[in-house]
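So the structure is just underneath, and the comments pick up after that.
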Amino acid sequence: GAVVSQHPSRVICKSGTSVKIECRSLDFQATTMFWYRQFPKKSLMLMATSNEGSKATYEQGVEKDKFLINHASLTLSTLTVTSAHPEDSSFYICSAAGYSGRAASEQYFGPGTRLTVT
Amino acid sequence: RKEVEQDPGPFNVPEGATVAFNCTYSNSASQSFFWYRQDCRKEPKLLMSVYSSGNEDGRFTAQLNRASQYISLLIRDSKLSDSATYLCVVNRYNFNKFYFGSGTKLNVKP
């Protein structure tokens, strides 16, 4: 399958600080990237859809000023958690969908970033 | 009503058993269908896409029933390594959005 990387894989930060997570599609151009969060033993929750060169579309209940998304190129999207609080601690996963010789609508997931806010 | 619904399980089966999962979707405009597996504390990995004609990949068989709006995944000769959560995912091209089921947990025991 296509390769999507995510960095960092794990981060611990203090309350009030901001954390940036990078998502890269390594072997294909991702026209769309998605950001999810997942709590333990729960399903993935879509936070936002990020299209290259345009503003992200946020799901209901997700604060766009708190979770800043930038999709500057076809291979990179970033999620910045601003003024992090302990309740933001979660597993954040990005995915990329695009054309890689396979069906256009398949999406491939990055390995995830485990965020702990103390 | 949820876009995609799955039985959460867990399904506890012995090695070598055959197990089947179903998933229903609510929107008839859905175009693409997938099964992903997710191991504990890992990202989902694409298991297989589901085509209208049904498709098979080794021990795994996926089928789509558009009339009844459900997809299924059949696993034959279960292995211990098949233990995971299986996610049903549905996509509507026009909305460029993927809808996930909550996942079905499978435990294959020796």
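All chains are named by letter (A, B, ...) in the order of the sequence lines, taking the proteins before the strands, and each is independently numbered beginning at 1. FYI, side chains are in, hydrogens and waters are out, and symmetry mates aren't considered; it's all heavy atoms of this structure.
- Residue A/Met33 is not grouped with residue A/Phe67 when hydrophobic side chains (ILVMFWY) are merged at heavy-atom distances under 4.5 angstrom, including chains of intermediate members.
- Cluster annotation: A/Ile93 is not connected to A/Leu68 through the hydrophobic network of ILVMFWY side chains, with a link wherever side-chain heavy atoms come within less than 4.5 Å.
- A distance-only check finds no donor-acceptor pair linking the side chain of A/Ser43 to the backbone of B/Phe100 [under 3.5 Å].
- B/Val90 is connected to B/Trp35 through a chain of hydrophobic side-chain contacts under 4.5 Å among Ile, Leu, Val, Met, Phe, Trp and Tyr, so both are in one cluster.
- The candidate with the highest count of non-hydrogen atom pairs below 4.5 Å against chain A, out of B/Pro44, B/Gly103, B/Ser102, B/Gly101, is B/Pro44.
- Between B/Arg41 atom CZ and A/Gln38 atom CD the span is 10.5 Å, to the nearest 0.5 Å.
- Per-residue counts of heavy-atom pairs under 4.5 Å with chain A were compared for B/Gln38, B/Lys45, B/Lys105; the largest is that of B/Gln38.
- Residues B/Tyr70 and B/Leu64 are members of separate hydrophobic clusters, defined by side-chain heavy-atom contacts under 4.5 angstrom among Ile, Leu, Val, Met, Phe, Trp and Tyr.
- The part of A/Phe91 that comes within reach of chain B is its side chain, from C-beta onward, which places non-hydrogen atoms under 4.5 angstrom from that chain.
- A/Gln6 and B/Glu43 are not linked by any side-chain donor-acceptor pair at a separation below 3.5 angstrom, with hydrogens and angles left out of the test.
- Heavy atoms from other residues, nucleotides or ligands lying under 6.0 Å from NZ of A/Lys66 number more than 12.
- A distance of 10.5 Å separates CG in A/Leu44 from OH in B/Tyr36, rounded to the nearest 0.5 Å.
- Criterion: ILVMFWY side-chain heavy atoms under 4.5 Å apart, direct or through other members. Under it, A/Phe34 and B/Leu46 are part of a common hydrophobic cluster.
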